[in-house]
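Worksheet: the structure to be examined is printed underneath.
Just the heavy atoms: all of them, side chains too, but no hydrogens, waters or symmetry mates, feed the values below. Atoms within each ligand, like the ligands themselves, are counted from 1 in listed order. Here, residue 1 is the first one in the sequence, and each next residue gets the next number.
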Amino acid sequence: MTTTKQRTSHRTWTKDSYFISTDPALVPIAELNAVFASDLFYWADALPEDVMRETLNNSLCFGMYESSPANSNTLPIGLLETGTTESKLIGFARCITDSTTFLYLTDVYVDPGMQGKGLGAWLIKCVQEVIEEMPHLRRSLLFTSSWEKSVPFYEKLMGMSVLECQKPAEGEKGSGVAIMQMRGPAFPDALR
Ligand SMILES: CC(C)(COP(=O)(O)OP(=O)(O)OC[C@H]1O[C@@H](n2cnc3c(N)ncnc32)[C@H](O)[C@@H]1OP(=O)(O)O)[C@@H](O)C(=O)NCCC(=O)NCCS
């Protein structure tokens, strides 16, 4: 009988007064739902609280927070709850993944007041660090409609490349979509 490896240990990165944690329990649902409901997330809507919690629990989450929690050097981050810290959610990304062969990156954002300081690049580098620890990964994917900015952003930071573009035809409504891919170490030879 084989057992499934669960995501039990969480990762943390710190930089200045910010930290990133993969612990979904730290994500304040109401704050994230406010982001999902905002114009920033043109691709999503808010979710019922229990559904959002389930979504996060089933994803590999990267919550970015302002100000490290007290005692962060001595307490495992998983033991800290958002309510017990002064931390504020300022960014987020999540991967829908089996943690081995496939990964889809979505819901990437940095608080508009904090953008342009390198935090988005740091967030994506942390995601990339975790992806690079998956030796059986075939590919990572993402969709974006923000052509001019997002395509070079993910090309530069993750080595992603555009797999397919569906730009709206002249005069057509909508922003279209670019599907970006990064091949993993187990990308099948037959598809090369
Ligand atoms: C994308 C995003 C997370 C970048 O965060 P950030 O903290 O501003 O990123 P950094 O400061 O590290 O880097 C800024 C770079 O992000 C790029 N960028 C990528 N996608 C962008 C977007 N949708 N909107 C604005 N800037 C974006 C900028 O062009 C800039 O590039 P430059 O440094 O070469 O000028 C942030 O702009 C954001 O939350 N945008 C709104 C949500 C969104 O569009 N998410 C991505 C959808 S794929």
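With rounding to the nearest 0.5 Å, the separation of CE in M134 from OG1 in T97 is 4.5 Å. We find the CG-OG distance between L26 and S87 to be 7.0 Å, quoted to the nearest 0.5 Å. A distance of 5.0 Å separates SG of C95 from CZ of F62, quoted to the nearest 0.5 Å. With rounding to the nearest 0.5 Å, the separation of CG in L103 from CD1 in I96 is 9.0 Å.
Backbone and side-chain nitrogen or oxygen atoms of Y42 are examined, and none is located within less than 3.5 angstrom of a nitrogen or oxygen of ligand 1. By the 3.5 Å distance cut-off applied to N or O atoms, Q115 is counted among the residues near ligand 1. Note: an N/O pair closer than 3.5 Å links G118 and ligand 1 by distance alone.
Considering only non-hydrogen protein atoms, atom 5 (O) of ligand 1 sits nearest to G120 CA, 3.5 Å. Looking from atom 12 (O) of ligand 1 to the surrounding protein, the closest heavy atom is A121 N, 2.8 Å. Protein heavy atom closest to atom 20 (N) of ligand 1, with residue, atom name and distance, is S150 OG, 3.2 Å. When only non-hydrogen protein atoms are considered, atom 44 (O) of ligand 1 lies nearest to W43 CZ3, 4.2 Å. Remark: minimum distance from atom 33 (O) of ligand 1 to any protein heavy atom is reached at K156 NZ, 4.8 Å. In terms of protein heavy atoms, atom 42 (C) of ligand 1 is closest to V108 O, 3.7 Å. With respect to atom 4 (C) of ligand 1, the closest heavy atom belonging to the protein is F153 CZ, 4.0 Å.
Counting only heavy atoms from C-beta outward, the side chains of W122 and M64 approach each other to under 4.5 Å. Counting only heavy atoms from C-beta outward, the side chains of F92 and D111 never approach each other to under 4.5 Å. Between E155 and V151 the shortest side-chain heavy-atom distance falls below 4.5 Å.
Proximity of F92 to ligand 1, defined as any heavy-atom pair under 4.0 Å, is not found for any part of the residue. Only the side chain of Y154 comes within 4.0 Å of ligand 1, counting heavy atoms alone; its backbone N, CA, C and O stay farther away.
Counting only heavy atoms, the protein gets under 4.0 Å from atom 26 (N) of ligand 1. There is no protein heavy atom closer than 4.0 angstrom to atom 31 (O) of ligand 1.
By the 6.0 Å contact criterion, CZ on R138 is open, its count of non-hydrogen atoms from other residues, nucleotides or ligands being 12 or less. Within a 6.0 Å sphere centred on CD of E49, heavy atoms belonging to other residues, nucleotides or ligands number 12 at most. Enclosure of atom CD in E129 by more than 12 non-hydrogen atoms of other residues, nucleotides or ligands within 6.0 angstrom is indicated.
Using a 4.0 Å cut-off to heavy atoms of T144, the atoms of ligand 1 that qualify are 48 (S). The distance from ligand 1 to the heavy atoms of L119 drops below 4.0 Å at these ligand atoms: 7 (O), 12 (O).
Look at F41 and you'll find every heavy atom at least 4.0 Å from all atoms of ligand 1.
Checking K117, K149, K125 against atom 21 (C) of ligand 1, the nearest heavy atom belongs to K149. The closest non-hydrogen atom to atom 23 (N) of ligand 1, taken over A178, S146, G116, comes from S146. Which of L105, D39, L40, V110 comes nearest to atom 41 (C) of ligand 1 through a heavy atom is settled by distance: it is L40.
Note on ring orientation: taking the six-membered ring where Trp is involved, the planes of Y65 and F19 are parallel (angle under 30°, cut-offs 30° and 60°).
Taking the charged nitrogens against the carboxylate oxygens, R53 and D50 have no contact shorter than 4.0 Å, which rules out a salt bridge.
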